[in-house]
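Remarks on the structure that follows.
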Protein chains: 2
Amino acid sequence: MKTSSNANQVMNDLMEKMDIRMTYQRKIILSILIDNIDKHLTANEIYSLIKVKNDVIGMATIYRTIDILLDKGIVIKHDFGDSAAKYELEIEKNKNHHHLICKKCGKVIEVSGLLKEDFYEKILREKGFQCTEYRLKIFGYCDKCRS
Amino acid sequence: MKTSSNANQVMNDLMEKMDIRMTYQRKIILSILIDNIDKHLTANEIYSLIKVKNDVIGMATIYRTIDILLDKGIVIKHDFGDSAAKYELEIEKNKNHHHLICKKCGKVIEVSGLLKEDFYEKILREKGFQCTEYRLKIFGYCDKCRS
DNA sequence: TTATTTGCAAAATGTTTGCTTTGCT
DNA sequence: AGCAAAGCAAACATTTTGCAAATAA
Ligand SMILES: [Mn+2]
Ligand SMILES: [Mn+2]
């Protein structure tokens with residue numbers, strides 16, 4: 001899939017927002033993440049998707065770029081129980097969603113709104129804890145695997 | 001800390017429930033987990049706590065035992081963002097709790113009741129997904145580090 | 001120009017595995 | 001006795017790092 005012009009807009013916004021040197025490699029990695037906004041990719045999957053485009057970027061660069069994006073809060077890291085971490089772009093439209101993970105087929109479904117509305121205030125009041133972000137993973141069986 | 005007689009009761013219950021060969025090593029590992037029911041230990045921390053008792057159990061055995069306990073649903077595995085996984089016993093009294101993780105000092109606080117009461121039915125109805133267990137991690141700053 | 005970033009290979013880390021010996025039951 | 005588990009070392013997979021060469025600004 002070719003990066004759409006909308007994706008180009010997203011890319012430009014991100015580049016400005018980040019204020020880092022925009023190298024060829026970083027643009028490619030970002031474009032892969034934008035094109036796969038609904039997916040959850042390992043570093044190695046990013047590497048492979050770049051190769052499909054007849055290009056090669058070293059793993060070290062991929063990891064270092066991801067680290068920057070994590071720092072900037074543009075990418076989030078997941079551990080879905082496989083050995084490798086998975087990454088996904090987190091921009092407005094998909095902020096604060098939860099994940100349903102099928103223990104049989106590995107399918108990941110995204111949902112929202114499972115936390116109590118007042119959870120932020122509740123933990124601040126009861127524990128003095130100030131939440132900056134959270135991760136809710138729900139394990140179980142998807143529609144197909146439930147039979 | 002010596003394993004209390006209550007802990008011995010817990011141990012006996014678990015041993016019966018599990019129906020596996022009760023070796024010396026497995027008893028030791030279980031006792032460490034029971035004594036640290038409120039904590040979250042890495043494989044290496046379990047190893048060290050055993051050493052404090054002037055005993056040594058191979059890492060392979062520790063991992064293999066943990067795997068069994070995970071399988072039996074007696075232990076749960078956490079990824080709190082450090083490189084090593086953390087494990088904790090999950091028995092009645094502390095089932096289904098959430099974790100607040102301080103990004104500054106690393107402190108972990110346990111809480112409960114942050115999910116909507118009907119979340120199970122909601123995802124089953126809306127997504128056809130049957131939840132077996134879940135993990136809610138909340139990152140932020142604890143009381144002390146919030147200043 | 002010059003400070004940053006890349007790529008490669010080597011290292012580090014956590015976890016798993018194969019195989020022989022040991023020990024439950 | 002006989003099968004299952006432990007220990008050790010070696011293998012593995014993912015991630016991180018050092019350093020020389022390349023490159024964005
Ligand atoms: Mn997602
Ligand atoms: Mn806990």
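Every heavy atom of this structure was used, including side-chain atoms; hydrogens, water molecules and symmetry mates were not. In what follows, chains carry the letters A, B, and so on, assigned in the order in which the sequence lines appear, proteins first and then strands, with residues in each chain numbered from 1.
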- Task: Starting from the 5' end of DNA chain C, give me the residue, B:Thr23 or B:Tyr63, whose nearest nucleotide shows up first.
- Result: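 It is B:Tyr63 whose nearest nucleotide is closer to the 5' end.
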- Parallel, tilted or perpendicular: rings of A:Phe80 and A:His78 (30°, 60°): parallel
[N] [atom2] sits how many Å from [X] [atom1], rounded?
X	N	atom1	atom2	value
B:Ile62	C:dT15	CD1	P	12 Å
A:Ile57	C:dT5	CD1	P	15 Å
A:Arg21	C:dT1	CZ	C1'	11 Å
B:Ile20	C:dG23	CD1	C1'	15 Å
A:Asp82	C:dT16	CG	C1'	16 Å
A:Leu69	C:dT5	CG	C1'	14 Å
B:Phe80	C:dG14	CZ	C1'	17 Å
B:Ile68	C:dC24	CD1	C1'	14 Å

- Contact class for A:Arg64 (heavy atom, under 4.0 Å): base, sugar-phosphate, or nothing? base
- For B:Met22, report the nucleic acid contact type (base, sugar-phosphate, nothing); a contact means any heavy atom under 4.0 Å.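 Sugar-phosphate: the residue B:Met22, judged by heavy atoms under 4.0 Å, touches backbone atoms but no base.
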- Any chance NZ of B:Lys144 has more than 12 other-residue heavy atoms, nucleotides or ligands included, within less than 6.0 Å?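 Atom NZ in B:Lys144 is not packed in, count stays at 12 or less.
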- Message: How about NZ on A:Lys107, more than 12 heavy atoms from neighbouring residues, nucleotides or ligands closer than 6.0 Å, or not?
- Response: no
- Those residues of residues 37-44 of chain B lying under 4.0 Å from DNA chain C by at least one heavy atom: none
- Query: Would a hydrophobic clustering, with Ile, Leu, Val, Met, Phe, Trp and Tyr connected at side-chain separations under 4.5 Å, put A:Val108 with B:Leu136?
  - Reply: no
- Query: What are the bounds, 5' to 3', of the part of DNA chain D that sits under 4.0 Å from heavy atoms of chain B?
  - Reply: D:dG2 to D:dC8
